[in-house]
Amino acid sequence: MEYETVIGLETHVQLKTKSKMWCGCANEFGAPPNTNVCPVCLGMPGVLPVANEEGLRLTTLTGYLLNCSVPRFAKFDRKNYFYPDAPKNYQITQYDKPSTVSGYVDFEFNGGISRVRITRAHLEEDVGKNFHFDRNSGVDFNRAGVPLLEIVSEPDITSADMAYEYLNALKDILIYGGVSDCDMEKGMVRCDVNVSVRPVGQKELGAKIEIKNMNSFSGVRKALEYEIPRQIAVVSKGGKLSQETRRWDDVAGITETMRTKEQAHDYRYFPEPDLMPFEPTEAWLEDVSKRVVELPLARKQRFMSAYQLPASDAQTFVWDVPLGTYFEQAVTGAKNPKAVANWVINNLRAKLAETQTALADTKVKPSSIPELVALVDSGKISGKIAQDVFAEMFATGEAPAKIVEAKGLAQVSDTGAIEKLCDEAIAANSKTVEDYKSGKVAALNSLKGQVMKLSKGKANPALVGEILEKKLKS
Amino acid sequence: MAATEIDVKYVAHLARLTLSPEEEQKIGAQLGNILGYIEKLRELDVSEVQPTAHAVPLINVMRPDEVRPSLPTEEALRNAPAKANGLFLVPKIVE
């Protein structure tokens with residue numbers, strides 16, 4: 001029997017705010033333990049949380065970036081449980097009235113575009129970090145109260161690879177939108193997976209297994225690559241799976257039972273009495289929507305269609321946004337967008353890296369690039385000379401036409417002048433001439449090189465070839 | 001007033017309380033009485049009243065995203081029963 005896999009992901013992402021969600025402690029990674037803590041985030045009695053407006057903005061912005069709708073009423077709830085990293089013995093979250101609902105993420109997968117629907121993205125708070133020792137555990141609350149977005153997907157994912165691509169697309173969108181730095185090393189993105197299998201054609205879902213403790217996207221993929229065949233093996237042998245939470249052991253490369261349905265938590269959600277509901281106004285939402293940026297996939301598709309760029313070039317301009325912006329300034333009105341892209345990607349970017357210059361500091365004006373391309377395309381200078389012109393442009397910021405003129409770099413297409421140089425080369429390389437005449441066609445290139453050298457690279461190479469051949473054959 | 005059925009053992013477990021059988025009896029009855037008293041609210045006709053998340057008619061209470069001083073670590077850890085290297089020490093976490 002054939003089986004299909006149904007996967008839904010819950011992705012937790014730390015929002016990029018200066019301060020925590022409910023208090024003024026710094027939202028900062030890597031500080032010494034318990035230095036960014038105060039009575040609010042330590043859950044001391046008698047304190048009151050106050051919502052960080054930027055946290056709410058970034059939540060709403062994420063909603064827009066993920067094509068969600070943003071309800072005009074949201075509220076906060078308490079999720080009750082005991083764990084040493086939760087100082088209040090509850091986590092503030094959004095239960096039945098989240099800030100954003102019903103969106104989707106489109107991404108490239110298997111040579112096409114896949115869509116995963118987003119159930120909701122709700123705002124909650126991060127918890128402290130645990131350290132495990134031989135006899136006891138230690139807790140650092142610097143992370144407690146950091147705004148955390150939980151992005152819940154619909155069960156639209158059908159394979160480990162698709163889960164991996166979805167997560168990467170999601171991460172790119174959030175980085176692009178300035179919502180989160182999504183630094184995996186710093187634990188800014190964490191992920192829980194819900195996965196079940198069922199015979200193809202069966203309507204009811206199989207027993208839902210949740211997997212926890214994956215701290216990288218490749219960990220998610222590896223866990224699924226283990227878990228899916230495990231479930232299929234159980235079911236196809238007539239076994240029965242039951243709802244449970246499993247833990248991914250990255251070292252052993254297996255999942256193992258953490259708790260069963262009977263041991264499932266009873267969180268007793270209830271409205272957070274310390275926080276007022278949030279009802280964004282039209283003006284407030286308008287303000288947030290101004291921060292919406294073009295998404296990575298849309299940008300890639302636009303660069304490909306508007307400028308006829310190959311996918312690889314477009315992708316480069318997706319990864320490197322400032323470089324893409326520079327390209328767009330340069331390409332305005334240019335006849336040969338691909339050549340402009342080549343100069344920006346291959347030459348400008350390389351030079352910037354070589355000289356450790358920031359793009360913002362480059363002297364090369366965007367308008368100079370299409371000018372240079374036009375000089376090459378019209379035959380005014382050779383491709384080789386163009387490299388020298390570009391080096392000069394990079395050093396001085398001068399316009400290419402001026403450099404060509406000032407340095408006398410214009411390509412020589414004057415037949416008389418080239419003929420003279422060809423004669424010189426033929427006279428000085430009698431051996432090579434012999435080689436050519438005795439059938440070594442490659443010898444022509446050597447002679448061509450000599451002529452170019454004599455012309456200091458300025459001779460029109462096509463013309464040189466033509467004239468040499470004519471002379472040698474006569 | 002009929003005491004509302006309540007699973008005292010379960011509720012005690014959720015609150016991480018250990019109760020003796022006598023206490024279960026006693027507290028169970030007390031909780032039942034409290035719930036029974038709350039039941040009185042059902043007598044009220046609320047069909048015309050909108051549900052609310054909060055009793056105070058306030059919305060959108062926010063603060064600007066500014067960092068303010070935190071507690072000195074020493075102060076933050078002062079009430080901790082056990083501490084080491086700036087960390088709150090707790091019994092070994094196993095799950």
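Chain letters run A, B, ... following the sequence lines, proteins first, then strands; residues in each count from 1.
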Legend entry - Side-chain touch B:Val90/A:Val139, heavy atoms, less than 4.5 angstrom: yes
Inset, instruction - Drop me the distance from A:Glu272's CD to B:His54's NE2, to the nearest 0.5 angstrom. - result: 8.0 Å
Legend entry - chain A contacts, top residue of B:Thr73, B:Thr52, B:Leu77 (heavy-atom pairs, under 4.5 Å): B:Thr73
Legend entry - Expected output: side-chain B:Lys92 to main-chain A:Phe133 donor-acceptor under 3.5 Å: yes
Inset, instruction - Kindly compute the distance separating OG (A:Ser19) from CZ (B:Arg68), expressed to the nearest 0.5 Å. - result: 9.5 Å
Legend entry - Donor-acceptor under 3.5 Å (A:Ser137 side chain, B:Ile93 main chain): yes
Inset, instruction - Determine, step by step, whether B:Val61 and A:Leu275 satisfy the side chain to side chain contact (heavy atoms under 4.5 Å, CB included) criterion, reporting the C-alpha distance in whole Å, the side-chain angles of both residues, the deciding distance to 0.1 Å, and the verdict. - result: CA-CA 8 Å; B:Val61 179; A:Leu275 288 165; over 6 Å; no
Legend entry - Modelled atom types, side-chain donor and acceptor of B:Asp65 and A:Thr17, under 3.5 Å: no
Inset, instruction - Taking atom NZ of A:Lys129 as the centre, report whether more than 12 heavy atoms of other residues, nucleotides or ligands fall under 6.0 Å from it. - result: no
Legend entry - Crowding at OH, A:Tyr95 (>12 non-hydrogen neighbours, <6.0 Å): no
Inset, instruction - For chain B, find which of A:Arg135, A:Arg268, A:Met21, A:Glu54 contributes the most heavy-atom pairs closer than 4.5 angstrom. - result: A:Arg268
Legend entry - Atom group of B:Asn79 that falls short of 4.5 Å from chain A, counting heavy atoms: neither
Legend entry - Contacting moiety of B:Ala80, where chain A heavy atoms sit under 4.5 Å: neither
Legend entry - Region of A:Phe131 that comes under 4.5 Å of a non-hydrogen atom in chain B: side chain
Inset, instruction - Taking the side chain as every heavy atom from C-beta outward, state whether B:Asn60 and A:Met276 have any atom pair closer than 4.5 Å. - result: no
Inset, instruction - Decide if atom CD of B:Glu74 counts as having more than 12 heavy atoms of other residues, nucleotides or ligands within a radius under 6.0 Å. - result: no
Inset, instruction - Let me know if A:Lys75 has heavy atoms under 4.5 Å from chain B in its side chain, its backbone, both or neither. - result: side chain
Inset, instruction - Look at the side chain of B:Arg63 and the backbone N and O of A:Cys23, then say whether any donor-acceptor pair between them is shorter than 3.5 Å. - result: yes
Inset, instruction - Quick one: closest heavy-atom pair of A:Pro33 and B:Asn85, and the distance? - result: CG-O, 3.7 Å
Legend entry - Heavy-atom proximity to chain B below 4.5 Å, by part of A:Pro32: neither
Inset, instruction - Sort out for me which of A:Asn89, A:Asn130, A:Val50, A:Asp134 touches chain B most, counting heavy-atom pairs under 4.5 Å. - result: A:Val50
Inset, instruction - Please assess B:Phe88 against A:Leu42 for the test side chain to side chain contact (heavy atoms under 4.5 Å, CB included), listing each intermediate value before the final yes or no. - result: CA-CA 11 Å; B:Phe88 290 86; A:Leu42 287 174; 4.0 Å; yes
Inset, instruction - Give a yes or no on this: more than 12 heavy atoms of other residues, nucleotides or ligands lie within 6.0 Å of atom CD of B:Gln30. - result: yes
Legend entry - Engaged part of A:Phe73 at the chain B interface, taking heavy atoms whose separation is under 4.5 Å: side chain
Inset, instruction - Please determine, among A:Asp85, A:Asp140, A:Leu56, A:Thr35, the option with the most heavy-atom pairs under 4.5 Å with chain B. - result: A:Thr35
Legend entry - Nearest-0.5 Å distance that lies between atom OG in B:Ser70 and atom NZ in A:Lys20: 6.5 Å
Inset, instruction - Please report the shortest heavy-atom distance between B:Leu87 and A:Asn34, naming the atom on each side. - result: CA-ND2, 3.7 Å
Legend entry - Segment of A:Asn52 engaging chain B (4.5 angstrom heavy-atom cut-off): both
Inset, instruction - Output the option from A:Gly55, A:Gly128, A:Ala51, A:Cys38 having the highest count of non-hydrogen pairs under 4.5 Å with chain B. - result: A:Ala51
Legend entry - Part of A:Asn80 within contact of chain B (heavy atom distance under 4.5 Å): neither
Legend entry - Nearest-0.5 Å distance that lies between atom CE in B:Met62 and atom CH2 in A:Trp284: 6.5 Å
Legend entry - Nearest-0.5 Å distance that lies between atom CD1 in B:Ile59 and atom OG1 in A:Thr281: 9.0 Å
